[in-house]
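Just below is one structure, and these are the notes that go with it.
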Protein chains: 2
Amino acid sequence: MKPTVHDIARSAGVSLATVDRVLNARPGVREGTRVRVEEAIATLGYVRDVAAANLAKSRVYPFVFILPVNENPFMLGLRREVEEAIARSGAERTRIEVIDVPALESAALVAALDKVAAGDAAGVAFVAVDAPDVREAAGRVAAASIPMVTLVSDLSQSPRDHYAGIDNIAAGRTAATLMGRFLGSRKGRIVPLAGSLMVRDHRERLDGFAEVMRQNFPHLELLPAVEGRDDPALVEKLIGETLRQHPDICGIYSLGAGNHGLLPVLEAKPLSPKPVVILHELTEASSAALVNGTIDAVLNQDAGHEVRSAIRVLKAKADGLPVIAAQERIRIDIFLKDNLP
Amino acid sequence: MKPTVHDIARSAGVSLATVDRVLNARPGVREGTRVRVEEAIATLGYVRDVAAANLAKSRVYPFVFILPVNENPFMLGLRREVEEAIARSGAERTRIEVIDVPALESAALVAALDKVAAGDAAGVAFVAVDAPDVREAAGRVAAASIPMVTLVSDLSQSPRDHYAGIDNIAAGRTAATLMGRFLGSRKGRIVPLAGSLMVRDHRERLDGFAEVMRQNFPHLELLPAVEGRDDPALVEKLIGETLRQHPDICGIYSLGAGNHGLLPVLEAKPLSPKPVVILHELTEASSAALVNGTIDAVLNQDAGHEVRSAIRVLKAKADGLPVIAAQERIRIDIFLKDNLP
DNA sequence: AAAAAGCTGAGGTACGTAAATCAGATTTTT
DNA sequence: AAAAATCTGATTTACGTACCTCAGCTTTTT
C-alpha cells in the first residue's frame, strides 16, 4: 500500500500537523523533529498524492495564453486548440484566459506579459516576438515566480522554463536535404518564400535551409527569399513575377504561411519540368496539393501537441514536479502523400 | 463555480444518495425521481470530478501488458518504456503487471489473454500476433468487458478498443516514395530486408513498399524480400550473399529489426555508387549511420508514446470517457540526419 | 515573579465523490 | 389484517491532503 501522511506521522511519532508543516515547508517545527519526519518520509518512500492535494486545496491552475491575432491557418488552428483545452478546463482543473495581441508587435506583448506578472496566474504561455523589450518583460514574469513557456516561437536568452515548439533550424535543414535529394542531378534555382524575415522562426528556417543547400548541394543556386507577408494576394503577385523572371526555377521552399497564395499559382499554370515544392504547415489545401502531386512534402508542427504540452509543462512547473522530457519534445512531422493522417 | 453532486441534490430536491444512484446507474430510484435528477444534471451542466471520484474509490487501474520476449532494440526499448510507466504508477493510480510471452507464438499469448479474461484487470495491452486463436482469445477478453488495446502490432477483425501503433502500410509506402525520389533516374535493383514475413507489421510494410514501387517507380526492380529473422549473424550472411549476387543493387529497405546485421556489412565495404538505404527504428546505431552517411533515412515509431497512449486509452475506456483522437494517433516519424532528436 | 508572547503539537473540518448503513413508506405475502 | 419483503430516500463515513483553531509548553518582557 502507498504510504500516506498518517503513516509518516505514526512512524515519526508526531502529529499530522507537524508532518504537514514539514511537507509544505511551513514554520513552527523544531529542527530535530523536522529531521525525524524527513527520515520517515525517505524511509517509507512517501510521495504526495497530487490529486488529493489538489482536491483539498480546491486547486485550479489559472493559466494565461497570449496569442497573436493572425489570420493564417496555423495560428487559427493554434487558437482552436487552445479553445479545446478551455473546453477541457473543468476536468483538468485549469482556467485559461486568452489575451489577444496584434501580431509581430512587441509593445502589446510586453503589456500583456506585464499584466501577467502583476496578476496571480499560475503560468503563462506566449508566442514570442524575439525582441529586447520582450526579453525584459519575460524577466519580470520570471521575477514574479510565474512559470512561463514559449509557444511556437522561442525567445532567446530568456528565463522561460520551456519552449513548446519545433527546432526551426533543423526544419530548414530537413527541407533542404529533401529538396536536394529529390532534385538529384537536376540543376537550377531555388526560391524560398517567407512571410517576413523579421520573424524569428522564418529566419531560422531559412538559415538552416541555406546552410545545407550551400554545403551539400552547391550546384543549386539559392535565390533571395521572397517575403510575401503571408498575404495570399501579395504572394501570388511576387511568386508569379519571380517565376517569370527565372524560368530555370526547379525548387520552391515555402517556409511561412503563404501557401494560400502559392498553391493557386502552381495549379493554374504548371511548370515543366515540375519544380520540387516543399511547404510548411499541413492544412486541407496543402494536404490536397500533396495528394494531387502539386507539391512534394509538407513539414508540420502539431499545434494540438504544442498546446497540450505547454499546459502539462506549466502544471508541472507550478507544482515543482519534473516533466517527461521525451514526451514534451515537439517533433518536426514530415508528410509525403503516403503518410497523411 | 463548477456544480457538484450537492448542487444537483439541492436543485432536484433529493438526497446525495439518490444523485449517486442516478449517476452510477444503480437501482433503487423511482422513474420520476430519476428524470428530475437527470434534468438537474443537464441544466447545471454537471461533470463528475474524476480525481475526487478516484480518491473516494481508492481507485487503482490494474493493467496488464503482455510483451514478447525479444532481444531486438525496439522491443527492449518498449519494455523500458513500460518499466518507466511502472515507475510512475504511484502518481498515475495504475498497477501494471507485465506478462512475458515467447515472441511470435500464439499459444502463449492466448494463454496470457485467457488469464487476463479470468482476472480482474481494468485493461490489457498486448503486442498482437495476427492469428485466429489469438482473435478468439481477444473475443473472450472483450466478453469479460475488459478494455483492450493492441500495441505496435494490430489484430485484424478483433474487438480491441484501440490500436496504439503506426500504420505499417503507410510506413512502407512512405519508404518507397523516399527511396524512389532519392534515386531519381538511377536504375537498378531494390532489396527489402525483413525479419519474417509471418509477422504482420513486416508484411504490411513490404506490401505498402512494393505497391508504390510498382506503381510509381517501375524502372526499379524489386527483389524478393530477404528474411533475416532479425538475427544479426544471419542478416549479415544473407545480405552479403545478395549484394555479391546482384552488383546492381541501388536500394535497401530494412523494414524489420535486422539493422545490427546490416550496418556492419555496409560500413565494412561501402558499395559504389552508394545505394540508398532506408531503415526502421531509430537507435544509437541507426542514428550514427544517419550522421555518417551510411544510410539515408530512418522511419521510427516512438515506443514511449505508444506506451503512454495505451495507458491513457485504457484509463479512458475503463471510465467510459472519450479519448482525444488526435493525441492518440501514433505518427510515423521520419528522420534524416538533419532532424535527429 | 507574573504576564505576555512565541513555539510546537493536536484535533477537526473541508474538498467532491463513493458506498455503506439506516429509516420510513409502500407493496406483497400469509 | 398483520407480518414480511421490497422500494426509495436520508445520513454518515471514508479517501488523502490542506489548513484552521486551539491547547500546552517554553521563552521573553516588565
Side-chain angles (χ1 to χ4, degrees), chain A residues 1-38 40-41 44-61 89-95 122 318-321, chain B residues 1-38 40-41 44-61 89-95 122 318-321:
Chain A
M1 219 51 230
K2 248 181 65 181
T4 74
V5 279
H6 292 86
D7 300 318
I8 306 287
R10 192 157 4 91
S11 166
V14 298
S15 76
L16 279 186
T18 305
V19 175
D20 179 65
R21 289 191 182 109
V22 173
L23 280 176
N24 297 294
R26 278 187 262 269
V29 183
R30 208 165 12 213
E31 187 52 30
T33 315
R34 175 178 303 277
V35 170
R36 277 219 321 284
V37 172
E38 276 164 356
I41 290 175
L44 297 180
Y46 168 82
V47 281
R48 186 196 306 256
D49 183 327
V50 180
N54 284 345
L55 177 61
K57 278 193 288 203
S58 303
R59 176 84 149 120
V60 291
Y61 299 85
S89 276
E92 297 183 348
R93 305 192 99 84
T94 54
R95 193 185 60 223
D319 292 336
L321 261 39
Chain B
M1 218 53 232
K2 250 181 64 181
T4 73
V5 279
H6 292 87
D7 301 318
I8 307 287
R10 191 155 5 88
S11 165
V14 299
S15 77
L16 281 185
T18 307
V19 175
D20 179 66
R21 289 193 182 107
V22 173
L23 280 175
N24 296 293
R26 279 187 261 270
V29 183
R30 209 163 12 211
E31 186 53 28
T33 315
R34 175 177 301 277
V35 170
R36 276 216 325 283
V37 172
E38 275 163 356
I41 291 173
L44 297 180
Y46 168 83
V47 282
R48 184 196 308 252
D49 184 326
V50 181
N54 284 346
L55 178 61
K57 277 193 288 203
S58 304
R59 176 85 150 118
V60 291
Y61 299 85
S89 277
E92 297 184 347
R93 305 193 97 84
T94 53
R95 193 185 59 225
D319 291 336
L321 261 37

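Just so we're on the same page: letters track the sequence lines, and every chain starts at 1.
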task = Measure from the side-chain heavy atoms of Asp49(A) and tell me the nearest of dT21(D), dT17(D), dG16(C).
result = dT17(D)
task = Indicate, with a heavy-atom threshold strictly under 4.0 Å, whether Asn24(A) touches base, sugar-phosphate, or nothing.
result = sugar-phosphate
message = Please compare Pro3(B) and Pro27(A) by the position of their nearest nucleotide in DNA chain C and report the one closer to 5'.
response = Pro27(A)
query = For Tyr61(B), is the NZ or CZ atom of Arg59(B) found under 6.0 angstrom from the centre of its six-membered ring and inside 45 degrees of the ring axis?
reply = yes
query = Reckon Val5(B) touches a base, only the sugar-phosphate, or nothing at all at heavy-atom distances under 4.0 Å?
reply = base
query = In whole Å, what is the span from the NZ atom of Lys2(A) to the P atom of dG16(D)?
reply = 8 Å
request  = Using atom CZ of Arg93(A) as one end and atom P of dC15(C) as the other, report the distance to the nearest whole Å.
outcome  = 12 Å
query = What nucleic acid atoms does Val14(A) come within less than 4.0 Å of, heavy atoms only: base, sugar-phosphate, or nothing?
reply = sugar-phosphate
ask   = For DNA chain C, whose closest nucleotide is more 5', that of Arg48(B) or that of Arg21(B)?
value = Arg48(B)
request  = Would you give the length of the straight line joining atom CZ of Arg10(B) to atom OG1 of Thr4(B), rounded to the nearest 0.5 angstrom?
outcome  = 7.5 Å
task = Search all heavy atoms of Ala51(A) against all heavy atoms of Arg93(B) and return the closest pair with its distance.
result = CB-NH1, 4.4 Å
key: Candidate nucleotides dG9(C), dG16(D), dA14(D), ranked by approach to the side chain of Ala52(A) - the nearest   = dG16(D)
Thr18(B) vs dT8(D): side-chain N/O to OP1/OP2 distance below 4.0 Å = no
ask   = Quick one: OG on Ser15(A) to NE2 on His6(A), what's the gap to the nearest 0.5 Å?
value = 10.5 Å
ask   = Is Ser15(A) touching bases, backbone alone, or none of the nucleic acid, heavy atoms closer than 4.0 Å?
value = base
ask   = Where the side chain of Lys57(A) is concerned, which of dA18(D), dT21(C), dA18(C) is the nearest nucleotide?
value = dA18(D)
request  = Specify the separation, in whole Å, of atom CG of Leu23(B) and atom P of dT17(C).
outcome  = 8 Å
query = Between Ile8(A) (CD1) and dT17(D) (C1'), how many Å, whole number?
reply = 13 Å
Separation of dA20(C) C1' from Leu16(B) CG (nearest whole Å) = 14 Å
request  = Return the nearest nucleotide to the side chain of Leu55(B); candidates are dC15(C), dG16(C), dA19(C).
outcome  = dG16(C)
Rounded distance (Å) that lies between atom P of dA10(C) and atom CZ of Arg30(A) = 11 Å
message = Using whole Å, what does the distance between atom C1' of nucleotide dT11(D) and atom CG of Asp20(B) come to?
response = 13 Å
Atom-pair distance (NE2 on His6(A); P on dG11(C)), nearest Å = 11 Å
ask   = With nearest nucleotides of DNA chain D determined for Ala17(A) and Arg34(B) from heavy-atom distances, which residue corresponds to the more 5′ nucleotide?
value = Arg34(B)
ask   = Can you tell me if the side-chain N/O atoms of Ser58(B) get under 4.0 Å from OP1 or OP2 in dA18(C)?
value = no
request  = Would you give the length of the straight line joining atom CD1 of Ile8(B) to atom OG1 of Thr18(B), rounded to the nearest 0.5 angstrom?
outcome  = 12.5 Å
task = Inspect the contact between Lys2(A) and Asp7(A) and indicate whether a charged nitrogen and a carboxylate oxygen are less than 4.0 angstrom apart.
result = no
